[in-house]
Amino acid sequence: MAKDLTSMTRLGMSFFERDTALVAKDLLGKWLLFKGPQGITGGIIVETEAYLGFNDPACHSVRGCTPRNKVMFGPAGKIYIYLIYGIHYCLNVTTACIEKPEAVLFRAIEPKIGMEIMKKHRKKTKLKELCSGPGKLVQALGINPNLNGSSAIDGPIGFYYDELNPDFEIVTTTRIGISQAKDWPLRFYIKGSKFISRP
DNA sequence: GATTGGATCGCCT
DNA sequence: GGCGATCCAATCG
């Protein structure tokens, strides 16, 4: 039933201080956990996207540092949260190095921990509807946008792994919902997962 | 100071 | 598969 959290290892700075697309792929199969006021929520990451800073027309940081995107201009391993369409929040983690304002967007996780809390937050009971989209997973986990800029290394939002993850295949596609750089292959998901946002 | 459009979701047909 | 919700940041004047 619930995962034994003590057997997990938290990902550190050296994991995030790497090529962003590589980090996005390596995060698949890892655990995203949020230690919130009502308990721990989270699950296994099944879908991510990479956003490549100055070289990427679809990345928020392409036009330079602003109050909104300044977290990306700091070191790797920080949580970047922003409001989209005036309604939903999206969760990212910064990557690469201080010179490169890049990040990975979390688009879907397989719900595993704190299921009852997540069902309550989402007002849904079907597992597939809990975390199958970037706005959905933030709502399900109960992540507060004031955690923007917090540390993914030792803050309440963290990334973990265990040695028991089964092998899986990674599917690479174009990113979703963007109007620029539509054809760049920077979306990654676990082949066959029922919990991704869309095929 | 006004305008515009967005890394989405859920409900409608 | 189409569209409205809803609001902030960025851009332009």
Side-chain angles (χ1 to χ4, degrees), chain A residues 16 19-25 27-28 32 34 41 43 45-74 76 78-96 100-111 118-150 152 157 159 170-190 193-199:
Chain A
F16 300 100
D19 175 81
T20 300
L22 191 58
V23 174
K25 277 187 270 193
L27 278 166
L28 296 176
L32 164 60
F34 172 50
T41 49
I45 297 160
V46 297
E47 181 181 347
T48 60
E49 287 179 358
Y51 285 85
L52 305 185
F54 295 127
N55 304 315
D56 182 355
C59 186
H60 290 166
S61 59
V62 71
R63 290 179 194 280
C65 185
T66 68
R68 179 207 206 189
N69 67 22
K70 69 178 180 195
V71 174
M72 274 198 282
F73 287 80
K78 298 286 189 182
I79 298 297
Y80 171 45
I81 301 173
Y82 65 89
L83 177 67
I84 188 66
Y85 297 113
I87 305 179
H88 304 288
Y89 289 95
C90 292
L91 174 71
N92 302 251
V93 65
T94 61
T95 52
K100 293 182 176 179
E102 309 191 352
V104 172
L105 169 70
F106 297 93
R107 290 197 51 91
I109 68 172
E110 177 176 347
M118 295 196 284
K119 287 175 184 174
K120 196 176 296 180
H121 286 156
R122 289 277 301 135
K123 300 182 169 65
K124 304 275 182 188
T125 53
K126 292 180 189 167
L127 293 190
K128 277 192 204 175
E129 297 180 346
L130 290 184
C131 300
S132 55
K136 294 179 189 178
L137 75 86
V138 168
Q139 185 187 21
L141 269 59
I143 291 173
N144 189 311
N146 67 19
L147 290 170
N148 183 46
S150 67
I157 302 171
F159 303 91
I170 295 175
V171 180
T172 302
T173 72
T174 56
R175 294 172 292 184
I176 290 174
I178 56 173
S179 57
Q180 310 264 320
K182 279 176 189 272
D183 55 343
W184 293 20
L186 292 172
R187 172 178 177 247
F188 311 101
Y189 65 86
I190 292 182
S193 171
K194 291 175 286 193
F195 298 95
I196 60 177
S197 64
R198 61 180 85 177

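Chain letters run A, B, ... following the sequence lines, proteins first, then strands; residues in each count from 1. Side-chain atoms are counted along with the backbone in the values below, which use heavy atoms only and exclude waters and symmetry mates.
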Answer yes or no: is there a side-chain heavy-atom contact under 4.5 Å between A:L27 and A:F188?
no

Side chain proximity check, A:L141 to A:L32, heavy atoms < 4.5 angstrom:
yes

I'd like to compare against my own output: the B/S/- annotation of nucleotides 4-13 of chain B with a strict under-4.0 Å heavy-atom distance to protein.
--BBBSS---

Donor-acceptor under 3.5 Å (A:T48 side chain, A:A24 main chain)
yes

Judged by atom type as modelled, is there a donor-acceptor pair below 3.5 Å linking the side chain of A:R122 to the main-chain atoms of A:E129?
yes

Just so I know, are the side chains of A:K119 and A:L127 near enough to count as touching, which here means a heavy-atom distance under 4.5 Å?
yes

Between the side chain of A:N92 and the main-chain N/O of A:A103, is any donor-acceptor distance below 3.5 Å?
no

Non-neighbouring partners of A:F106 that pass ring-ring contact (aromatic ring centres under 6.0 Å, His included), sequence neighbours left out:
A:F159

At a 4.0 Å cut-off to heavy atoms of chain A, the contacted part of DNA chain C spans C:dA5 to C:dT11

Pairs: protein N or O with nucleotides 1-3 of chain B N or O, under 3.5 Å:
none

ring-ring contact (aromatic ring centres under 6.0 Å, His included) filter on A:Y89, not counting sequence neighbours, yields none

Given Watson-Crick or G-U pairs with both distances under 3.5 Å, what dot-bracket string fits DNA chain B, with | for other-strand pairs and [ ] for crossing?
||||||.|||||.

Distance-only, no hydrogens or angles: does the A:R107 side chain make a donor-acceptor pair with backbone N or O of A:I196 under 3.5 Å?
no

Examine distances only and state if a side-chain atom of A:S61 and a backbone atom of A:P101 form a donor-acceptor pair shorter than 3.5 Å.
yes

What integer number of Å spans the P atoms of B:dA7 and C:dG1?
22 Å

A:C131 vs A:F195 side-chain heavy atoms within contact, under 4.5 Å
no

Note, A:I176 side chain near A:R187 side chain (heavy atom, < 4.5 Å)
yes

